[in-house]
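Everything below concerns the one structure shown next.
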Protein chains: 2
Amino acid sequence: MAFVRAYAPGTIANLGPCFDILGMAIKGAGDVVDVALRPEPGVSLLSVSGDDGRLPCESERNTATVAAAAVLRQAGVDMGLDIHLHKGLPLNSGLGSSAASAVAAALATNACLGDALPREELLPACLEAEAIVSGWHADNIAPSLLGGIRLIAGTEAGQIHSLPVPDNLHLALVTPGVDVPTRLAREVLPTHVTLAQMVAQTSAAARLVAALFTADLTVLAQAMEADGVVEPARSGLMPMLPEARLAARAAGGMGLFVSGAGPTLCAVCETEDRAREVVVALRAVYQEADIPCEARATQVDPAGARLL
Amino acid sequence: MAFVRAYAPGTIANLGPCFDILGMAIKGAGDVVDVALRPEPGVSLLSVSGDDGRLPCESERNTATVAAAAVLRQAGVDMGLDIHLHKGLPLNSGLGSSAASAVAAALATNACLGDALPREELLPACLEAEAIVSGWHADNIAPSLLGGIRLIAGTEAGQIHSLPVPDNLHLALVTPGVDVPTRLAREVLPTHVTLAQMVAQTSAAARLVAALFTADLTVLAQAMEADGVVEPARSGLMPMLPEARLAARAAGGMGLFVSGAGPTLCAVCETEDRAREVVVALRAVYQEADIPCEARATQVDPAGARLL
């Protein structure tokens, strides 16, 4: 195939206590990448839309082009690529924007090459791209590429475990118009925690995983709110976090946590109607504070990235 | 009922990375308590057998009598008790010996009172007893009382979650004749860990819980061995730990971890025959080192404490 368009969904990483080890793909807005093979080697980013001109267009600094180049290299192909990137996800919002660009580009490039590589073997190329913006983390890459909820024990395909998605898991998302660069969000984290904090965090992570298997949204939401390390350190970076949590609860949400490095917040709800009501409540919190925001109801995307 | 005999099984807590949050009851040796109601208030420990005279007979220092007295108090009964304690579990061995005495005594006392309390309401009395020897921890108490594998999110009944027991989970246990007092085992723990250690520990705990639900013994055993905090700190207290791990693996064991605060070691095996072979291999390690030991193959006890 000479021209391919691929979509990769946004993702929510961390889910409270599962910092750096858990991520889930979500339906709706995502990044779209067009890829066309060309005879001359190299990867050119011809256009980026939807980013208000904020993303770097140099090939070596954009995750889409880095991932595409890595797939070419991995497949041993000596041709080049022209790439157009359409950002559907806001930057620095905690929705895995850089990962989605990389995943869409890797999938499209691989399709151009006649699916030279099995899907899970696109992980290294996507990770290489993610590393240029936020380090070697698969917690956004893996769910965007593979879909569902993924437990990340390492950066190899065999270390990515699929976890069950409760049928009745609905999500209410709100993204305030405030940048939280991933690097800054990492800088505010403590270098050490007490042993008691570690025990509490392992307990919350264990309950969260158990709740996914038993489809117990009450335990799930409680566990997601039981992060005693990362959210407290980052809360200063998220405007209106306590107010949003109260508003979500008052509207029937079961628990609210920070999506990735924030500032997107995510509330767990048990019906689609409830999720829509929580969306309205969350939007009102930011409107009252004169902070622009995007809010929507969504669900876990079981399939992940796909060709369009 | 005027006279009751109850049995409570030994338990394995921690299971590697799930320090202080996970415990499982195991079949076989346990503690047995005889309880007889009497008109005069107070609780008297009339005899203790099987402990080589090492346990305190003062009522306020023995977990069986403390638990029995707490059940009487909780039930609002003004009578007293005579108690005989038969230790089937070795002391300070990492098999929940103090918890089993408390649980057997609480169950027997409650039965004497015509089951005045539902079983899960015996937790506080057992915890009060356990606190006199090792602090407020339910990770041995809960599985001994309730059976199975229990995730402990707190000290109340609603915070004790049951986890599934894989059918093919067999265990090989070895207890070398070396005391590891729980207090000493706690003193050697670090007060702080790095954030990276916390992430690795939550990852291992999450994988361990997922593996119980998917009955994947390979992932389970790997996760149990992935404790990067507690075992490294305590390994100096367990003689022959590296040798035992190698021997268990060579005999077909899938992974080996420290039971509770040790020195008992536990290897995961996928058949009963394999567990017996690993028992032989573990016994040989300690015999070669001239350290007396007890070793046996066992399985998870799904039921927990019971009347005899």
Side-chain angles (χ1 to χ4, degrees), chain A residues 13-23 135 137-139 149-154 158-164 186-216 218-220 222-223 226-230 233, chain B residues 13-23 135 137-139 149-154 158-164 186-216 218-220 222-223 226-230 233:
Chain A
N14 298 352
L15 290 82
C18 294
F19 175 66
D20 271 1
I21 66 166
L22 204 64
H137 299 290
D139 50 349
I149 305 180
R150 300 278 164 173
L151 178 58
I152 318 293
Q159 297 174 301
I160 312 287
H161 303 269
S162 177
L163 296 180
R186 290 209 168 250
E187 279 169 15
V188 300
L189 294 178
T191 58
H192 289 73
V193 301
T194 66
L195 192 69
Q197 284 178 305
M198 183 198 80
V199 170
Q201 204 80 346
T202 52
S203 170
R207 277 177 283 147
L208 195 159
V209 171
L212 289 174
F213 278 94
T214 58
D216 185 330
T218 304
V219 172
L220 182 69
Q222 284 171 351
D227 164 22
V229 174
V230 178
Chain B
N14 299 351
L15 288 84
C18 294
F19 175 65
D20 271 0
I21 66 166
L22 204 63
H137 299 289
D139 50 350
I149 304 180
R150 301 278 164 172
L151 178 58
I152 319 293
Q159 298 174 302
I160 312 287
H161 303 269
S162 178
L163 296 180
R186 291 209 167 250
E187 279 169 16
V188 300
L189 294 178
T191 59
H192 290 73
V193 301
T194 66
L195 192 68
Q197 284 178 305
M198 184 199 79
V199 170
Q201 204 80 346
T202 52
S203 171
R207 277 178 282 146
L208 195 159
V209 171
L212 289 174
F213 278 95
T214 57
D216 185 330
T218 304
V219 172
L220 182 69
Q222 283 171 351
D227 164 23
V229 174
V230 178

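All figures in this text were calculated on a predicted structure; none of them were measured in a lab. Naming: A, B, ... by sequence-line order, numbering from 1 per chain.
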>> Which heavy atom of A:S203 sits nearest to which heavy atom of B:A153, and what is that distance?
In response: OG-CA, 3.9 Å
> Hey, what do you get for OG1 (A:T202) to CD1 (B:I21), rounding to the nearest 0.5 Å?
Replying inline: 4.0 Å
>> At a heavy-atom distance under 4.5 Å, which candidate from A:H161, A:R207, A:Q222 has the highest pair count against chain B?
In response: A:R207
>> Below 4.5 Å, heavy-atom pairs only: which of A:I152, A:V229, A:T214, A:D20 has the largest tally toward chain B?
In response: A:V229
> Which pair of heavy atoms, one from A:L163 and one from B:A210, lies closest together, and at what distance?
Replying inline: CD2-CB, 3.9 Å
>> For A:T194, which atoms come within 4.5 Å of any heavy atom of chain B: side chain, backbone, both, or neither?
In response: both
> B:V193 versus A:V193: any side-chain heavy-atom pair under 4.5 Å?
Replying inline: yes
